[in-house]
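Right, one structure below, let's go through it.
Naming: A, B, ... by sequence-line order, numbering from 1 per chain. Both backbone and side-chain heavy atoms feed into the values below; hydrogens, waters and symmetry mates do not. Here the structure is a predicted model, which means the values were calculated and not measured.
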Number of protein chains: 2
Amino acid sequence: MDISIFAALAERNRFHIVELLREGPLTVGEIAARTGLRQPQASKHLRVLSEAGLVTAQADANRRIYKLRPEPFFELEAWVESCRRIWDDRFNQLDDYLNRLQSQSANPDTKE
Amino acid sequence: MDISIFAALAERNRFHIVELLREGPLTVGEIAARTGLRQPQASKHLRVLSEAGLVTAQADANRRIYKLRPEPFFELEAWVESCRRIWDDRFNQLDDYLNRLQSQSANPDTKE
DNA sequence: AAGGAATATTCTTGTAAAGGAATATTTAAG
DNA sequence: CTTAAATATTCCTTTACAAGAATATTCCTT
């Protein structure tokens with residue numbers, strides 16, 4: 001799991017950009033307008049999103065049309081689904097762990 | 001979608017802690033040992049995870065046993081699944097967008 | 001060729017966050 | 001009551017990042 005997607009989405013404006021792009025490709029100008037960002041900041045955030053692999057740009061003369069790349073979302077989906085174990089099996093119960101703690105007290109050589 | 005989960009997971013060591021906790025609850029000491037962090041840093045990262053709602057602690061005498069909270073993962077799963085539209089319908093194709101751009105050139109009053 | 005529109009980049013500054021070191025707190029044990 | 005173990009907190013320093021302002025780049029139009 002490449003965690004750079006988390007850093008990319010952790011910023012308010014970038015998350016907003018991603019939400020906008022879910023409805024379809026957009027130019028930098030439109031992204032700036034809809035997010036209320038100034039154009040340079042929009043470009044900078046798009047650069048971060050691009051370096052994290054979340055978006056790609058296609059040139060159209062003067063403009064750059066940005067759209068989402070599916071792959072990182074696939075990867076994230078796979079990861080979060082693999083987390084399902086957290087709540088539906090018994091691994092998150094404390095009983096097990098308390099028992100393990102007990103055994104460790106009995107065999108303290110397992111420490112470090 | 002509360003994006004604080006992204007900030008919490010964006011940090012290398014915190015992501016590692018979450019991965020460890022997927023296998024079951026752990027004490028601070030064990031988390032520090034397995035991640036290679038010093039105890040105070042482990043506590044600090046656990047505090048961030050706790051404030052983001054990703055973990056909870058249960059006191060056991062001297063120790064604090066941390067475990068994952070399922071809810072934020074549910075929320076993340078729901079969000080990422082709602083992103084599926086990105087790649088399986090036609091909204092991400094450029095054709096539409098280029099057409100829209102054309103109409104805007106014809107009706108420039110739609111700008112701002 | 002000149003001017004303008006759309007976008008990207010650079011530089012600076014303010015701020016938040018991470019690590020290190022030291023210390024405080026809580027609890028069990030004697 | 002004193003000590004030690006486990007954990008949390010504080011203070012300090014360094015670093016990363018986001019916004020603002022200014023400027024550079026690219027491409028169309030005339």
Under 3.5 Å on both distances, the Watson-Crick or G-U partner of D:dT2: C:dA29
Base-pairing mate for D:dC27 - Watson-Crick or G-U, with both contacts under 3.5 Å: C:dG4
Which of these nucleotides, [options], is closest to any side-chain atom of [X]?
X     : options                : value
A:R14 : D:dA18, D:dC28, C:dA18 : D:dA18
B:R63 : C:dG19, C:dA28, D:dA6  : D:dA6
B:V28 : D:dA18, D:dT7, C:dG20  : D:dT7

To the nearest Å, give me how far apart [atom1] ([X]) and [atom2] ([N]) are.
X     : N      : atom1 : atom2 : answer
B:N13 : C:dG20 : CG    : C1'   : 14 Å
B:L46 : C:dG19 : CG    : P     : 12 Å
A:E11 : C:dA17 : CD    : P     : 12 Å
B:D60 : D:dA8  : CG    : C1'   : 17 Å

B:R69 side chain vs B:L54 backbone, donor-acceptor pair below 3.5 Å: no
Under 3.5 Å: donor-acceptor pair, side chain of B:S50, backbone of B:L46: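 Checked: no pair found.
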Closest-nucleotide 5' rank along DNA chain C - winner of A:R47 and B:P40: A:R47
Sugar-phosphate, base or nothing in reach of B:R12, heavy atoms under 4.0 Å: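 Nothing: the residue B:R12, judged by heavy atoms under 4.0 Å, touches no strand.
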5'-most by nearest nucleotide on DNA chain D - A:N62 or A:K44: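 Looking at the nearest nucleotide for each, A:K44 comes out on the 5' side.
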Quiz item: B:Q39 side-chain donor-acceptor pair to D:dA8 base, under 3.5 Å: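 Under the 3.5 Å cut-off, the side chain and the base do form a donor-acceptor pair.
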Aromatic ring proximity, centroids under 6.0 angstrom, B:W79 and A:F15: yes
Side-chain donor-acceptor contact under 3.5 Å, A:S82 with B:R22: yes
N/O (side chain, A:Y66) to phosphate O (OP1/OP2, C:dA8) under 4.0 Å: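 Yes.
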Among A:H16, A:R12, A:R14, side-chain hydrogen bond (donor to acceptor under 3.5 Å, both in side chains) partner for A:H45: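 That would be A:R14.
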